[in-house]
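Everything below concerns the one structure shown next.
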Amino acid sequence: MHKRRTILGALGVAGLISLGATLAPVAQAQTFPSKTIKFVVPFGPGSGTDTSARYFARKLQDITGQAVVVENKPGANGFIAVKQVLTAPADGYTVFIGSNSTLAVNAALFKELPYDPVKDFSPLTMMMRSPAMLTVTPQAPYQDLKGLMAYAKANPGKVNFGAGSAGYQLMGELLNDAAKVQTVHVPFKGAGETMTAVASGTVDYAFAEVTAVQELAKGGRVKVLAVAADKRVASSPDVPTASEAGLPGFEAYTWVGAMVSAKTPAAETAKLAELFTAISKTDETRAFYERIGATPMTGGPVQMHEFQKNEIALWKRIVHQAKVPQQ
């Protein structure tokens with residue numbers, strides 16, 4: 001007992017406060033999460049990012065017993081959603097479900113960003129990758145990719161393409177460069193708006209991920225001319241690859257990943273990363289993505305960090321190669 005009093009006396013009040021501060025994050029991490037978690041998505045419903053967010057929200061809710069809500073904040077190239085995440089309390093309860101556009105392409109397309117996609121975020125896990133599909137209205141005067149490119153060459157500057165994000169804008173610019181055509185970019189607030197514009201004939205064509213296209217294609221509201229992948233998509237076996245359709249080697253993919261503010265405590269970040277990575281590796285998740293024509297990605301924080309840096313370098317090369325003006 002005397003020894004115990006000696007130790008406490010040596011610690012003193014300041015020492016006890018310091019010890020308590022050290023133990024508090026550990027105790028907090030052990031009980032985390034203990035309240036509702038919010039997923040912020042920079043696109044509207046119908047996008048691959050939104051689809052992934054809602055799937056992971058259900059799975060995370062099942063595992064933790066805590067409610068997980070998905071909040072869509074489309075527009076302004078993802079800046080609105082990013083601002084919401086980075087200005088929210090950095091406690092692990094606000095998760096950014098981002099994409100190649102917000103987490104990589106913006107760094108290549110904009111001279112200045114109101115955020116740093118690498119330094120301002122801590123990665124949790126990669127979620128999925130999906131090839132882009134080139135879509136047109138069923139009433140279009142062309143029936144295949146060669147026909148669209150021939151039409152664009154005959155009408156330089158008069159053909160337009162819709163893009164729901166910076167990533168899709170660069171895909172359109174890359175197609176211009178590869179096919180040696182001149183078309184005009186029309187921005188939208190996500191894949192849902194873009195596909196509505198394609199279906200109505202407001203724009204001539206657009207790229208969108210498989211998840212945003214398939215149901216509309218099955219319903220005859222849009223026509224898919226090609227998938228920008230190295231092989232056909234199992235869920236749409238009749239759609240040719242861009243190479244098969246007349247544009248050899250043309251590939252373009254979207255991807256989705258989860259991040260939190262870089263100011264989030266390490267313990268909470270690590271716990272979320274563990275939960276997200278576990279969900280991404282299940283057979284159920286693989287089957288879910290295969291059904292919608294996507295591929296699960298299973299890398300944790302370290303792998304996602306490297307992947308993101310490589311993607312930024314890739315899109316910067318594409319911007320330079322296709323001579324896309326920075327905004």
Side-chain angles (χ1 to χ4, degrees), residues 40-43 47-53 56 77-79 81-82 85-86 95-133 163-175 177-178 190-191 207-212 227-230 242 249-262 273 276-277 280 289 293-327:
V40 180
V41 180
F43 306 113
S47 65
T49 310
D50 177 73
T51 300
S52 292
F56 271 74
N77 294 289
F79 297 170
V82 168
V85 173
L86 296 182
V95 179
F96 183 59
I97 307 299
S99 69
N100 52 299
S101 293
T102 48
L103 296 174
V105 174
N106 279 352
L109 192 57
F110 290 87
K111 293 179 181 179
E112 294 184 8
L113 284 178
Y115 68 99
D116 188 312
V118 176
K119 294 180 180 179
D120 288 343
F121 290 101
S122 290
L124 301 178
T125 190
M126 297 180 286
M127 297 162 74
M128 71 91 161
R129 186 180 85 157
S130 177
M133 286 184 154
S165 68
Y168 291 118
Q169 178 187 348
L170 285 194
M171 288 179 194
E173 300 290 1
L174 189 61
L175 179 67
D177 183 65
F207 282 106
E209 67 266 29
V210 176
T211 52
V227 58
D230 58 350
F250 185 86
E251 296 179 17
Y253 296 87
T254 63
W255 53 265
V256 177
M259 293 198 170
V260 290
S261 166
F276 269 80
T277 303
S280 71
Y289 279 126
T295 304
M297 300 178 74
T298 57
V302 174
Q303 293 88 344
M304 186 176 180
H305 179 69
E306 289 302 312
F307 178 81
Q308 183 190 17
K309 289 198 300 182
N310 291 336
E311 281 285 296
I312 290 173
L314 167 66
W315 287 110
K316 283 184 176 180
R317 288 198 301 272
I318 289 174
V319 165
H320 177 73
Q321 172 186 326
K323 296 181 176 62
V324 180
Q326 285 188 307
Q327 298 181 23

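Along the sequence shown, residues carry numbers from 1. What's counted below: heavy atoms across the whole structure, side chains too, no hydrogens, waters or symmetry copies. What you see is a predicted model; the values in this text were computed from it and never measured.
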query = Picking from Val227, Leu174, Asp230, what satisfies side chain to side chain contact (heavy atoms under 4.5 Å, CB included) with Glu251?
reply = Asp230

note = When rounded to the nearest 0.5 Å, the distance separating OG1 of Thr277 from CE of Met304 is 10.0 Å

request  = For the residue pair Phe121 and Tyr115, categorise the inter-ring angle as parallel (less than 30°), tilted (30 to 60°) or perpendicular (more than 60°).
outcome  = perpendicular

query = Would you find a donor on one side and an acceptor on the other, under 3.5 Å apart, between the side chain of Gln303 and the backbone of Gly300?
reply = yes

key: Considering all heavy atoms, the nearest Ala166-Ser101 contact   = N-OG, 3.8 Å

inquiry  = For a side-chain contact (heavy atoms from CB on, under 4.5 Å) check, start with the C-alpha distance between His305 and Val302, then their side-chain angles and the critical distance, and finish with the verdict.
reply    = CA-CA 5 Å; His305 179 69; Val302 174; 5.8 Å; no

query = How many angstroms lie between CG in Asn77 and OG in Ser165, if you round to the nearest 0.5 Å?
reply = 8.0 Å

ask   = Roughly how far apart are Arg129 CZ and Tyr289 OH, rounded to 0.5 Å?
value = 13.5 Å

ask   = Of all heavy-atom pairs between Leu124 and Val260, which one has the smallest distance, and what is that distance?
value = CD1-CG1, 4.0 Å

message = When you measure from the side chain of Glu311 to the backbone of Val105, do you find a donor-acceptor pair of N or O atoms at a distance under 3.5 Å?
response = no

inquiry  = To the nearest 0.5 Å, what is the distance between CD on Gln327 and NZ on Lys111?
reply    = 10.5 Å

task = Describe, in one word, how the ring planes of Trp255 and Phe307 are oriented to each other, choosing from parallel (under 30°), tilted (30 to 60°) and perpendicular (over 60°).
result = perpendicular

request  = Please report the closest heavy-atom contact between Ile312 and Pro117, naming both atoms and the distance.
outcome  = CD1-CG, 4.4 Å

request  = Measure across Ala294 and Met128 and return the closest heavy-atom pair with its distance rounded to 0.1 Å.
outcome  = CB-SD, 4.0 Å

task = For Val85 and Val40, work out which heavy atoms get closest and say how close.
result = CG2-CB, 3.7 Å

request  = Go through the steps for Ile97 and Phe56 under the test side-chain contact (heavy atoms from CB on, under 4.5 Å), then give the verdict.
outcome  = CA-CA 10 Å; Ile97 307 299; Phe56 271 74; 6.0 Å; no

Worked check of side-chain contact (heavy atoms from CB on, under 4.5 Å) between Leu109 and Glu173 = CA-CA 11 Å; Leu109 192 57; Glu173 300 290 1; over 6 Å; no

query = OG1/Thr49 to CG/Asn100 distance, rounded to the nearest 0.5 angstrom?
reply = 7.5 Å

ask   = Is the centre of the Phe79 ring less than 6.0 Å from the centre of the Phe110 ring?
value = yes

ask   = Any donor-acceptor pair under 3.5 Å linking the side chain of Thr254 with the backbone of Ser130?
value = yes

